[in-house]
Amino acid sequence: MFLDFWRDVESLLRDALDRCGFLLPETDGKVNGNDLMLETSPHADLASTISFRLAPVLKRKPAQIAQKILEAIVLDGRGTVDRVEAMGPYLNFFASRRFFDSAVLEAEGDRCWTGSMTERVIVEHTSANPNGPLHVGHIRNSVIGDTLVRILRRAGCDVEAQYYVNDMGRQIAIVVWGCGRYPLDGSKADHATAKVYIQANKDLAAEPGLKEGVDRLMQLYEGGDPETAEKFREAVNYALSGIEETLRRLNIRHDSYHWESEFVRDGSTARIFDRLEATGLTDWEEGSLQLDLSGEGFEKKLVLKRSDGTSLYTARDLAYHRWKAERSDRMIDVLGADHKLISGQLKAALRLMGAREPEIVIFEFVSLPTGSMSTRKGKFISTDELLDEVEAQAFKEVTARRPEEGEEFRRAVAKEVALGAVRYDVVRVSPEKATVFDWKAALDFEKLSAPFIQYSHARASSILDKAGAFGDFDPSLLTGAEEIDLIRKISQFDLAVQVAARELKPHLLATYARELAEAFNQFYRSSPVLEADPGIKEARLALVKAARNCLRATLETLGIPALESM
RNA sequence: GGGCGUGUAGCCUAGCCAGGACAAGGCGGCAGCCUCCUAAGCUGUAGAUCAAGGGUUCGAAUCCCUUCACGCCCGCCA
């Protein structure tokens, strides 16, 4: 849809530039190949500022250049471009009626929501330590990760979502050690694990000599002691079952889980040591194996193996990344800001081995008004707690708005609204922004929120439901400003998905969703559908259906349920 | 101390990477709209020296430098 229009504009503009003999100046960073300086604009469907770029080279005024280019543009009257204007230095391109008509037809037919990307992509996200429940800090990882998975799938990619299970770290050894001292109390698995973990940490802090017991467990596990392995397996699976349950509430599912220990047991971590030693950049210092990354801009050496012979996280992670590289065209890791340095070192080490590097999506932290969260100290708001709270609030809202409905309906709607609200609240903010968790904002269901979008979808569904089947329609009757704005927004779905997928920025799709819902609500207010004259009525019904389909595709891509009624 | 990130109306955020047409939304404030397809909606209005200072440019929220504030990291933790 909109991408077709974009391509048509590009080719018109390129031809015109050729005709004028204007050579495009070298732009230093044309990241997305947009050397024609095209952008969507309030003044046109697409606008180009290319004249500004050409001005210094041609030594002429931008407005004159724009005029010159305009005169060289040849419209054949059959494509998606209707007309071009030069507004001073700006070249404004407008889509044709044919374009809007076909956008309505395609969207109404509901078969136009998948892009043409074909890469195999592995997205690793969440990967929280199985030592407690997901807290509101982890949600950011999970929601950004899952939304990226959905966006890339929508763009056409073959995506596998992976959870990298840390079963070899100290935190887990502490859990296993703690389970030997305290019983799990029968509460939800991840929460029960956290209680043991928190208590074990208190004991360790109070009595430093106890640390030896934990070290011993780690050595036994890395050495492959069967009895110890069984204890770890059990503890990790137990905690993981609770985490999975929470992810399910967030509408998140991983395609596969990969345990760190797999990469020790199959010898691939040992091969990492060999490969890195072969670079000549490693050293044995006091019995530990260290990698010198100063050539890659890292001051401190990276320790790969402890002096007791056990491997460190990064070493195992290197093996995991080599494994992923063999099975994908792209690897994407979603990581918290505290992983910035270590992920830079990981990439550097992969470079040294001649292996492909992952693309890292970093998100900044979510903190509480009282400070940062900590599983170890038991200082966190769990995702379960948040979802329960938001669901309760949503139930109150539904009850106030739809008192006539039965409890089952209101419960079901509250659940979907809460899920949407939480996901949208996380994904609408750009990942590099640190945020402070705010109960009031989390419980607000107004315009800048999922319920706003879900509500638009429900309104559209309700109209279609009341109308029943409708016959032939003529989209060219849709000429009102609100109608055109809505069609334009619908047509831009492919653009929104492509940009979000290319730049790995889920929040762009959140913005698009808000704009789409807004366009629909404005249309809804200004244009009666069921009461409209014959002809207009069918055309508007088709537009409502197109909008409903587009809203549904958008919500689905955000992992938010599209409700028929709320 | 070094590295990375952030700083946009009372509050929360988009725009910044690839500089251009009036700095865009939401919350909160004020004023309107339910004899009409779900008012979780729509319309209008007030509110911003885009942290501060300097520089580059025809043009800077956007690029460069300096300063300040906040966050994260600098472990034989993950």
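A note on names: the letters A, B, ... follow the listed sequences, proteins ahead of strands, and every chain is numbered from 1.
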K.L.:
Just call it for A:Q171: base, sugar-phosphate, or nothing, with non-hydrogen atoms closer than 4.0 Å on any strand.
P.N.:
base

K.L.:
When the C1' atoms of B:A9 and B:G29 are compared, how many Å lie between them, rounded to an integer?
P.N.:
13 Å

K.L.:
Check the distance between B:C74's C1' and A:F298's CZ and give it to me in whole angstrom.
P.N.:
11 Å

K.L.:
For B:C34, decide between syn and anti, treating a glycosidic angle within 90° of 0 as syn.
P.N.:
syn

K.L.:
For B:C70 and B:G26, measure between their C1' atoms and round to the nearest Å.
P.N.:
24 Å

K.L.:
Using a heavy-atom cut-off of 4.0 Å across all strands, would you classify A:A47 as base, sugar-phosphate, or nothing?
P.N.:
base

K.L.:
Using a distance-only criterion (donor-acceptor N/O pair, under 3.5 Å, no hydrogens), is the base of B:A18 paired with the side chain of A:E503?
P.N.:
yes

K.L.:
Distance check needed: B:G75 C1' versus A:Q345 CD, whole Å only.
P.N.:
11 Å

K.L.:
What is the distance, to the nearest angstrom, from the OH atom on A:Y424 to the C1' atom on B:U13?
P.N.:
11 Å

K.L.:
Would you classify A:R514 as touching base, sugar-phosphate or nothing, given that sugar-phosphate means primed atoms plus P, OP1 and OP2, and contacts are heavy atoms under 4.0 Å?
P.N.:
sugar-phosphate

K.L.:
In whole Å, what is the span from the CG atom of A:L312 to the P atom of B:G75?
P.N.:
13 Å

K.L.:
For a quick check under 3.5 Å, do A:H125 and A:D333 share a side-chain donor-acceptor pair by atom type?
P.N.:
no

K.L.:
Under 4.0 angstrom, heavy atoms only, what part of the nucleic acid is A:K505 near: base, sugar-phosphate, or nothing?
P.N.:
base

K.L.:
Between B:A40, B:A78, B:A14, which nucleotide gets closest to the side-chain atoms of A:I342?
P.N.:
B:A78

K.L.:
Checking side-chain polar atoms at under 3.5 Å, does A:E108 have a donor or acceptor matched by the opposite partner on A:N549?
P.N.:
no

K.L.:
Going by modelled atom types, is there a donor-acceptor pair between the base of B:A78 and the side chain of A:D167 at under 3.5 Å?
P.N.:
no

K.L.:
Please check the phosphate of B:G41 (OP1 and OP2 only) for any side-chain N or O of A:Q522 closer than 4.0 Å.
P.N.:
no

K.L.:
Which part of the nucleic acid does A:T511 contact within heavy-atom distance under 4.0 Å: base, sugar-phosphate only, or nothing?
P.N.:
nothing

K.L.:
Does B:A78 have OP1 or OP2 under 4.0 Å away from a side-chain N or O of A:R170?
P.N.:
no

K.L.:
With rounding to whole Å, what would you report as the distance between B:G53 and B:A61 at their C1' atoms?
P.N.:
16 Å

K.L.:
Do A:K537's NZ or CZ and the ring of A:F470 fall within the cation-pi criteria of under 6.0 Å and 45°?
P.N.:
no

K.L.:
Which whole number of Å gives the distance between the C1' atom of B:A23 and that of B:A14?
P.N.:
10 Å

K.L.:
Need one value for A:R316: base, sugar-phosphate or nothing, where a base atom within 4.0 Å counts as base even if backbone is also close, heavy atoms only.
P.N.:
sugar-phosphate

K.L.:
State whether a side-chain donor-acceptor pair under 3.5 Å links A:S288 with A:Q290.
P.N.:
yes

K.L.:
Looking for any heavy atom pair under 4.0 Å, which part of the strands does A:E531 touch: base, sugar-phosphate only, or nothing?
P.N.:
nothing

K.L.:
Any side-chain N or O of A:R376 under 4.0 Å from OP1/OP2 of B:A78?
P.N.:
no

K.L.:
Assign A:L341 to base, sugar-phosphate, or nothing according to its heavy-atom contacts below 4.0 angstrom with the strands shown.
P.N.:
sugar-phosphate

K.L.:
How is A:P42 classified with respect to the nucleic acid when contacts are heavy atoms under 4.0 Å: base, sugar-phosphate, or nothing?
P.N.:
base

K.L.:
Which listed nucleotide (B:A78, B:C12, B:C42) is nearest to the side chain of A:E518?
P.N.:
B:C42

K.L.:
At under 4.0 Å between heavy atoms, what does A:V303 touch on the DNA or RNA strands: base, sugar-phosphate, or nothing?
P.N.:
sugar-phosphate

K.L.:
Could you measure between the two C1' atoms, the one in B:C22 and the one in B:G59, and give it in whole Å?
P.N.:
15 Å

K.L.:
Atom CG of A:L563 and atom P of B:A40: how far apart are they, to the nearest Å?
P.N.:
14 Å

K.L.:
Whether A:R53 contacts B:G59 is assessed here as follows: a side-chain N or O lying under 4.0 Å from the phosphate OP1 or OP2. Is that the case?
P.N.:
no

K.L.:
Measure from the side-chain heavy atoms of A:Y524 and tell me the nearest of B:C27, B:A39, B:A40.
P.N.:
B:A39

K.L.:
When rounded to the nearest Å, what value does the distance between C1' atoms of B:U45 and B:U56 take?
P.N.:
40 Å

K.L.:
If you apply the rule side chain to side chain donor-acceptor pair (under 3.5 Å), what do you find for A:S142 with A:T126, and how did you get there?
P.N.:
CA-CA 5 Å; A:S142 304; A:T126 306; 2.8 Å; yes

K.L.:
How far, in whole Å, is B:C58 from B:G47 if one measures between their C1' atoms?
P.N.:
32 Å

K.L.:
Expressed as a whole number of angstroms, how long is the span from A:D338:CG to B:C73:C1'?
P.N.:
8 Å

K.L.:
Identify whether any heavy atom of A:S565 sits under 4.0 Å from a base atom; if not, whether one sits that close to sugar-phosphate; answer base, sugar-phosphate or nothing.
P.N.:
base

K.L.:
Please pick, from B:A39, B:C76, B:C27, the nucleotide with the shortest atom-to-atom distance to any side-chain atom of A:R306.
P.N.:
B:C76

K.L.:
Counting side-chain heavy atoms from CB outward, which of B:C76, B:U13, B:A40 is closest to A:T435?
P.N.:
B:U13

K.L.:
Is the shortest heavy-atom distance from the side chain of A:H457 to the side chain of A:M566 under 4.5 Å?
P.N.:
no

K.L.:
Could you check A:Y257 against A:W259 for ring-ring contact (aromatic ring centres under 6.0 Å, His included), going step by step and ending with a plain yes or no?
P.N.:
CA-CA 7 Å; A:Y257 287 72; A:W259 293 39; 8.8 Å; no

K.L.:
How long is the line joining CG of A:L36 and P of B:A18, in whole Å?
P.N.:
17 Å

K.L.:
For A:E515 and B:G25, give me the distance from atom CD to atom P, rounded to whole Å.
P.N.:
10 Å

K.L.:
Is there a donor in the side chain of A:Q162 and an acceptor in the side chain of A:Y320, or the other way round, less than 3.5 Å apart?
P.N.:
yes

K.L.:
Using a cut-off of less than 4.0 Å, is there contact between a side-chain N or O of A:R525 and OP1 or OP2 of B:C37?
P.N.:
no

K.L.:
Does A:H507 put a side-chain nitrogen or oxygen below 4.0 Å from OP1 or OP2 of B:G15?
P.N.:
yes

K.L.:
Side chain of A:V429 only, please: which of B:G41, B:U13, B:A40 is the nearest?
P.N.:
B:U13

K.L.:
Under 4.0 Å between any heavy atoms, over every strand shown, what does A:F445 touch: base, sugar-phosphate, or nothing? Just pick one.
P.N.:
base

K.L.:
Looking at A:S462 and B:C37, is any side-chain donor or acceptor paired with a base atom of the opposite kind under 3.5 Å?
P.N.:
no

K.L.:
Quick check on RNA chain B: between A:S51 and A:A55, whose nearest nucleotide comes earlier from the 5' end?
P.N.:
A:S51

K.L.:
Below 4.5 Å, heavy atoms only, C-beta onward: do A:L312 and A:K305 meet side chain to side chain?
P.N.:
no

K.L.:
Any base atoms under 4.0 Å from A:S527, or only sugar-phosphate, or nothing? Heavy atoms, all strands.
P.N.:
base

K.L.:
Using only side-chain N and O atoms of A:K300, determine if any of them is under 4.0 Å from OP1 or OP2 of B:G75.
P.N.:
yes

K.L.:
Please classify the nucleic acid contact of A:S41 as base, sugar-phosphate, or nothing, using heavy-atom distances under 4.0 Å.
P.N.:
base

K.L.:
Has A:R459 got its NZ or CZ under 6.0 Å from the middle of the six-membered ring of A:Y524, at an angle within 45 degrees of the ring axis?
P.N.:
yes

K.L.:
In whole Å, measure the gap between the P atoms of B:G1 and B:G41 for me.
P.N.:
48 Å

K.L.:
Given the rule that a pair is Watson-Crick or G-U wobble with both distances under 3.5 Å, how would you write RNA chain B in dot-bracket, using | for pairs to a different strand?
P.N.:
(((((((..((((......[...)))).(((((.......))))).....(((((..]....))))))))))))....

K.L.:
Does A:R83 qualify as a cation-pi partner of A:F94, given the criterion of NZ or CZ under 6.0 Å from the six-membered ring centre and within 45 degrees of its axis?
P.N.:
yes

K.L.:
Select from A:E364 and A:K433 the residue whose nearest nucleotide in RNA chain B is closer to the 5' end of that strand.
P.N.:
A:E364

K.L.:
Using side-chain heavy atoms (C-beta onward) and a distance below 4.5 Å, is A:Y512 in contact with A:H507?
P.N.:
no

